[in-house]
Amino acid sequence: MSINTSPPSGTRDFLPADLARRRHLEGVIRRVYESFGFVALETPAFENLSTLLGKYGDEGDQLLFRLLHRRDKLARALQEPGVGEKDLADLGLRYDLTVPLARVIANAKDLPRFFKRYQIQPVWRADRPGKGRYREFWQCDIDITGTTSLVAEAEVCGAVVRVFEELGVRDITIALNHRQLLRCLIQAAGLPPAQEETALVAIDKLDKIGLDGVRKEFTTRGIEATAGERLLTLITRPPEGSSPSPAGPRPPTSPAIEGKGPADGEAGAQLPPTADHRAATADHRAAARADHRAEVAELDRLAGLLADVPEAAGPLAQLRELLDIAAGSAAGPYLRIDATLARGLGYYTGPIFEIRSPAFRGSLGGGGRYDGLIGMFKGTAIPAVGFSIGFERLLLVMEERGLFGSVSWGPDVLLCRFPDVAPADALRTASALRQAGLKVEVFPETPKIGKQFAYAESIKVKLAAILGATEAQEGKLSVKHLGTGEQLTLPLAAAIARLREWSKAG
RNA sequence: GAGAGAGUAGCACAAUGGCAGUGCACUAGACUGUGGAUCUAGCUGUUGCGGGUUCAAGUCCCGUCUCUCUCCCCA
């Protein structure tokens, strides 16, 4: 009788090779976020259910992992008449990193007025796993609280863009929309406010299922045909040729990435970026800068259509201002107005964004302004805006494109020992190597030395230190480079120096 | 939540309803202070699980579990 040893579906074990890549990626993200002045925060894996419920919309509530009451409390709850699912749990695994942040802001006393935090932690969703989709996955969030200034939007978008640029994933766009603008569009199309949510969900799928698909969706969800058609006309962006944009087809694609297969993957993987990388990025930005005008034109088009809706003026002005501000940030060239962008989460109130790339079906991350969320925990409302990168999806894209290059991990040296040397002497030698900064594994047994070398190869260790009676008596150590076969017997200090030299050379 | 496909050794895969196999990996030896190549030998199985049809089931049927893909939804 054996039990299933694979981790639960939608979760993964991370073996050393996986972790080497994950840590590398996380390090880049951390560094970029910190360069924008964000500071680290971590929160518990689980929260009170009341903290989580009602923040993400109905769909989100459904997907919350709930934790049952413990012990007696569960037994008592089960005995209550008419007990329902909701009465059995009081805690839930965090569903995202934004709601826990909002709770922290509402709870904490002496945070800076503008709290800029980043948070890289797992979140859990009781969802069905698929490609690039897990039940446990990592998000990399940045948020700025305490200001309504659109500088905050530009900064979070800029930081996210810098992460992608650093990693060599440049064929991205940031779709940009505004929750209030969406509401106005739906209103202008003549849809009743009750159908707002339904309509949002349907049009959010436009880029996946196409116009006809959305029409079908409208019908099945009981949205009146003429109003639906009006809405589609409002949100559909005219083809590029009819706009005054001098730019080429979009989304802008860097020549360095175009047609790139996994085979020639190393370029752009190294950090800091190479001169080529910088040049490619600069070209890309220059090309994309011309598109700024196209985005303004799209806003003009929407403004024209919404001339009769006074509530639309505010959000339109905000998007315009955001485009202007972002022109000075890394995000500028990547922003693209997309009136079909809706975003699933319930708490957004202002500008909303989503990172897209041809490399992945679905988004690589998203965010937006949520000025009401913190107020749900605290009497006074505190404005906030944030952006989240989907860690595993970014990782997936990088793996598919071979952008990791060679990320090394594991020990530098395997200390091999002949049977005529006491284990204690081997450990003393290992200590000396470790004090010199080398990562040293001691082979625990004493089979034939060749077997020990073979083991070193199998764990990708290139250097061997060999300790036998001969060396031990003379205070020496043999060192061998398993790649070249070069071997020397040297006094301990010289042997260490040689190992460090080899190790540095990679 | 809906639909389709797949489960055979650690991994990759074979086997017309008729003896469960091949490659890689692993272990040992050729080679007792020197690995990678080669050769030789060896090890690896409740064919996901439970039932049914059959003289006979990895193979056909039913159920179930798991995984993959598509849809839904999302990061």
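Source: prediction; values computed, not measured. Chain identifiers are assigned alphabetically (A, B, ...) following the order of the sequence lines, protein sequences preceding nucleic acid strands; residue numbering begins at 1 within each chain.
Between A:Tyr56 and A:Tyr95, the two ring planes are tilted [angle within 30° to 60°].
Note on A:Arg343: a side-chain N or O is less than 4.0 Å away from OP1 or OP2 of B:A75.
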Can you pull every protein N or O that's under 3.5 Å from an N or O on nucleotides 36-38 of chain B?
from, atom 1, to, atom 2, distance (Å)
B:G36, N1, A:Leu482, O, 3.2
B:G36, N2, A:Leu482, O, 3.1

What protein N or O atoms touch nucleotides 9-11 of chain B N or O atoms at under 3.5 angstrom, if any, and at what distances?
none

Quick test: give all pairs of protein nitrogen or oxygen and nucleotides 29-33 of chain B nitrogen or oxygen below 3.5 Å, distance rounded to 0.1 Å.
from, atom 1, to, atom 2, distance (Å)
B:C31, O2', A:Lys448, NZ, 3.4
B:G33, O6, A:Thr470, N, 3.2
B:G33, O6, A:Thr470, OG1, 2.0
B:G33, N1, A:Glu471, OE1, 3.1
B:G33, N1, A:Glu471, OE2, 3.3
B:G33, N2, A:Glu471, OE2, 2.8

Problem - Secondary-structure string, 5' to 3', Watson-Crick or G-U under 3.5 Å, | for another-strand partners, for RNA chain B - result: (((((((..((((....[..)))).(((((.......))))).....(((((..]....))))))))))))....
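A:Leu364 comes within 4.0 angstrom of the backbone, heavy atoms only, and of no base.
Applying the side chain to side chain donor-acceptor pair (under 3.5 Å) criterion to A:Arg21, with sequence neighbours excluded, gives A:Asp18, A:Glu399. For the side-chain contact (heavy atoms from CB on, under 4.5 Å) test, residues two or more places apart in sequence or in another chain that qualify with A:Pro16 are A:Trp409. In this structure A:Asp127 satisfies the side chain to side chain donor-acceptor pair (under 3.5 Å) test together with A:Arg133, sequence neighbours excluded. A:Trp502 pairs by the ring pair (Phe, Tyr, Trp, His ring centres under 6.0 Å) definition with A:His481, not counting sequence neighbours. For A:Arg343, the salt bridge (charged side-chain N to carboxylate O under 4.0 Å, His left out) partners at least two apart in sequence or on another chain are A:Glu354. Applying the side-chain contact (heavy atoms from CB on, under 4.5 Å) criterion to A:Phe46, with sequence neighbours excluded, gives A:Leu67, A:Leu91, A:Leu93.
Under the side-chain hydrogen bond (donor to acceptor under 3.5 Å, both in side chains) criterion, the residue pairs touching residues 453-471 of chain A are A:Glu441-A:Tyr455, A:Glu471-A:Ser478, with sequence neighbours excluded. For residues 36-45 of chain A, no residue pair satisfies the salt bridge (Lys or Arg N to Asp or Glu O under 4.0 Å) rule, not counting sequence neighbours.
The base of B:C74 is paired with the side chain of A:Arg393 by a donor and an acceptor separated by under 3.5 Å.
With B:U34, B:G1, B:A75 as the choices, the nucleotide that has an atom nearest any side-chain atom of A:Arg128 turns out to be B:G1.
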